[in-house]
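We use all heavy atoms of the structure for the numbers below, so side chains are in, but hydrogens, waters and symmetry mates are not. Lettering of chains follows the sequences in order, A, B, ..., and the numbering in each one begins at 1.
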2 protein chains.
Amino acid sequence: MKKEVKDVSMAVIRRLPKYHRLLKELMEKDVTRISSKELSVMIGFTASQIRQDLNCFGGFGQQGYGYDVGELYNEISRILGLTSHYNTIIIGAGNLGQAIANYPNFEKKGFHIMALFEKNPRLIGLQIRDVPVLDVDELESYCEGKNIEIGVICTNKESAQDVADVLVKLPVKAIWNFAPTDIVVPDSIVLENVHLSDSLYIISYLLKNKELNEA
Amino acid sequence: MKKEVKDVSMAVIRRLPKYHRLLKELMEKDVTRISSKELSVMIGFTASQIRQDLNCFGGFGQQGYGYDVGELYNEISRILGLTSHYNTIIIGAGNLGQAIANYPNFEKKGFHIMALFEKNPRLIGLQIRDVPVLDVDELESYCEGKNIEIGVICTNKESAQDVADVLVKLPVKAIWNFAPTDIVVPDSIVLENVHLSDSLYIISYLLKNKELNEA
DNA sequence: AATATTTGTTAAAAGAAGTACAAAGTTTTA
DNA sequence: TAAAACTTTGTACTTCTTTTAACAAATATT
């Protein structure tokens with residue numbers, strides 16, 4: 001069993017997308033090498049933390065030189081599983097569902113959106129890019145035999161758990177939930193509950209306390 | 001200076017929205033009292049952590065009884081600053097900008113969306129609920145004297161930093177950024193960079209490692 | 001009045017981040 | 001080309017932060 005499979009803390013994992021993003025930007029600027037110290041300035045973590053994070057997955061750097069940007073980007077892509085292909089469906093074709101279906105890089109990263117599902121008849125039949133919006137009643141029959149791996153929930157709060165229950169039965173391997181409620185699924189299914197409002201509430205907290213501190 | 005102004009770690013703060021959400025659900029179910037132990041089962045933190053978190057802001061509970069759900073909900077609302085009013089604008093009226101403008105509870109929580117701004121002429125002139133979509137060229141003149149507190153960036157990656165620079169000059173007090181890049185603003189401005197793809201990449205990581213572990 | 005419950009808080013344990021430096025490589029200089 | 005000087009990683013160790021455990025004190029319930 002490889003090092004990366006065990007004993008890497010979630011704190012480290014959750015920093016990987018930021019490394020990935022920054023390395024992409026460096027590549028676009030044709031930067032080919034970078035030291036942990038330089039990266040530190042750009043990313044806002046200490047150089048030590050960067051070295052320690054990367055070392056959880058292997059020694060990608062070289063003493064006296066630093067890291068090869070392209071190589072490190074590829075390694076992190078591989079660690080994050082962005083070199084695989086995932087059949088994906090979106091339930092809820094409102095603004096948020098459409099926004100996600102239109103997200104430019106998801107297809108490139110292997111998240112292949114096969115269909116959106118919707119109950120509002122006005123939206124059924126639309127195409128978002130090349131992706132059809134189907135009737136949510138067809139969800140189970142459509143998915144039969146298609147090996148759907150990821151289900152994205154973009155419904156309202158009320159429907160979210162019901163949709164999740166259907167997805168669990170299909171079954172999907174992972175659920176990405178944007179409905180403003182914590183859905184519950186068996187442990188065998190990977191789940192990320194995203195709460196957009198959480199970060200807005202944090203902004204509110206910080207604003208309030210900034211004012212109090214300044215007063 | 002009150003306790004809550006200093007020395008409360010971000011780890012605690014970032015859990016507050018989850019308490020807030022759960023207490024709301026309890027209220028809707030007409031639950032009037034709850035112990036840290038019961039809350040623990042629902043929320044997935046230890047009872048000890050819940051008691052310690054809440055105690056950062058004051059002793060809201062009572063021995064032998066627990067917490068009054070309504071009172072605790074109000075306290076957390078107050079701590080998060082959700083009893084204040086914030087003038088808010090959204091830049092970018094694409095699907096994501098519209099999704100946020102339509103988010104049902106933001107108005108109720110005091111985030112009053114005054115206008116959306118857009119450069120695409122097809123969208124300019126629309127109304128999202130009662131909120132007008134204006135030309136982004138009018139952004140500065142519109143905001144003059146209106147005391148805009150929060151700016152929400154829903155543009156593409158390329159425009160995000162330019163928009164942020166304009167918002168800084170207005171000035172706004174806080175920026176909520178959904179463009180898939182980390183924007184940079186002076187320390188005096190509260191900033192939350194939200195990266196939707198981060199949680200998808202984590203899903204990808206977890207899927208990959210689940211398969212490796214099972215194999 | 002006796003028993004049971006549950007908080008607030010202190011203390012201990014676990015986890016994450018920062019410091020320091022030997023080892024290994026790169027770059028410069030002669 | 002070879003040696004000296006410089007750079008930078010990987011990692012052991014230390015410090016700091018966060019979480020969990022434990023329990024006295026206070027209240028509720030029987």
Side-chain angles (χ1 to χ4, degrees), chain A residues 2-4 6-19 22-23 26 31-76 79 198 202 205, chain B residues 2-4 6-19 22-23 26 31-76 79 198 202 205:
Chain A
K2 280 196 286 179
K3 198 178 183 183
E4 73 192 64
K6 55 178 181 187
D7 294 340
V8 179
S9 80
M10 259 301 173
V12 175
I13 309 298
R14 293 208 176 266
R15 280 192 292 270
L16 292 180
K18 191 158 181 180
Y19 291 123
L22 228 96
L23 288 164
L26 287 172
V31 178
T32 58
R33 63 182 273 189
I34 189 128
S35 68
S36 59
K37 199 174 166 189
E38 294 167 304
L39 209 46
S40 166
V41 174
M42 302 177 64
I43 212 167
F45 311 151
T46 64
S48 173
Q49 181 168 57
I50 293 167
R51 292 203 298 279
Q52 214 157 52
D53 282 356
L54 298 177
N55 251 89
C56 294
F57 304 99
F60 305 131
Q62 190 151 66
Q63 287 100 327
Y65 181 91
Y67 299 87
D68 181 279
V69 172
E71 188 197 319
L72 191 55
Y73 176 79
N74 288 338
E75 287 291 348
I76 291 178
I79 292 162
D198 283 8
I202 300 299
Y205 174 89
Chain B
K2 280 195 287 180
K3 198 178 183 184
E4 73 191 63
K6 57 177 181 187
D7 293 340
V8 179
S9 80
M10 260 299 171
V12 175
I13 309 298
R14 294 207 175 267
R15 279 191 292 269
L16 292 179
K18 191 158 181 179
Y19 292 121
L22 228 97
L23 288 164
L26 287 172
V31 178
T32 58
R33 64 181 272 191
I34 189 128
S35 69
S36 59
K37 199 175 167 188
E38 293 167 304
L39 209 46
S40 165
V41 174
M42 303 178 63
I43 212 167
F45 312 151
T46 64
S48 178
Q49 181 168 59
I50 293 166
R51 292 202 299 279
Q52 212 158 46
D53 281 356
L54 298 177
N55 250 89
C56 293
F57 304 99
F60 306 130
Q62 190 150 68
Q63 286 100 326
Y65 181 90
Y67 299 87
D68 180 278
V69 172
E71 188 197 320
L72 191 54
Y73 176 80
N74 288 338
E75 287 291 347
I76 291 179
I79 292 162
D198 283 10
I202 300 300
Y205 174 89

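B/I76 has its side chain within reach of B/L54: a pair of non-hydrogen atoms, C-beta onward, lies under 4.5 Å apart. Under the 4.5 Å side-chain criterion, counting only non-hydrogen atoms from C-beta, B/L72 is not in contact with B/Y19. Contact check for B/I43 versus B/R15: no side-chain heavy atoms found under the 4.5 Å cut-off. Side-chain atoms of B/L26 and B/Y73, non-hydrogen and from C-beta on, never get closer than 4.5 Å to each other. Within the 4.5 Å cutoff, no side-chain heavy atoms of B/L39 are placed close to those of B/Y67. You'll find the side chain of A/T32 stays beyond 4.5 Å of the side chain of A/V69, heavy atoms only. Under the 4.5 Å side-chain criterion, counting only non-hydrogen atoms from C-beta, B/R14 is not in contact with A/D198.
Rounded to whole Å, atom C1' of D/dT9 lies 9 Å from atom CD of A/Q62. The CD1-P distance, from B/I50 to D/dT20, rounds to 10 Å in whole Å. A straight line from CZ of A/F60 to P of D/dT11 spans 12 Å, rounded to a whole angstrom. Between B/Q63 atom CD and D/dA26 atom C1' there is a gap of 4 Å when expressed in whole angstrom units.
Within a 6.0 Å sphere centred on NZ of A/K37, other residues, nucleotides and ligands contribute 12 heavy atoms or fewer.
Considering only side-chain N and O atoms, B/N55 lies nowhere under 4.0 angstrom from the phosphate OP1 or OP2 of C/dT7.
Across residues 32-39 of chain A, A/S35, A/S36 each have a non-hydrogen atom less than 4.0 Å from an atom of DNA chain D (numbered order). Applying a 4.0 Å cut-off to non-hydrogen atoms, the residues of residues 65-76 of chain B that approach DNA chain D are B/Y65, listed by residue number.
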Can you give me the N/O atom pairs linking the protein to nucleotides 1-4 of chain D at distances under 3.5 Å, or say none if there are none?
none

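Looking at residues two or more places apart in sequence or on another chain, you find no side-chain hydrogen bond (donor to acceptor under 3.5 Å, both in side chains) involving A/R33. Every side-chain hydrogen bond (donor to acceptor under 3.5 Å, both in side chains) that B/E75 has, sequence neighbours left out, goes to B/R78.
Between the side chains of B/S35 and B/E38, at least one donor N or O sits under 3.5 Å from an acceptor N or O.
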Using a 4.0 Å heavy-atom cut-off, write out nucleotides 12-21 of chain C from 5' to 3' as B (base contacted by protein), S (sugar-phosphate only) or - (no contact).
----SSBBB-
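Between B/Y205 and A/I79, the shortest heavy-atom contact is CD1-O, 3.2 Å.
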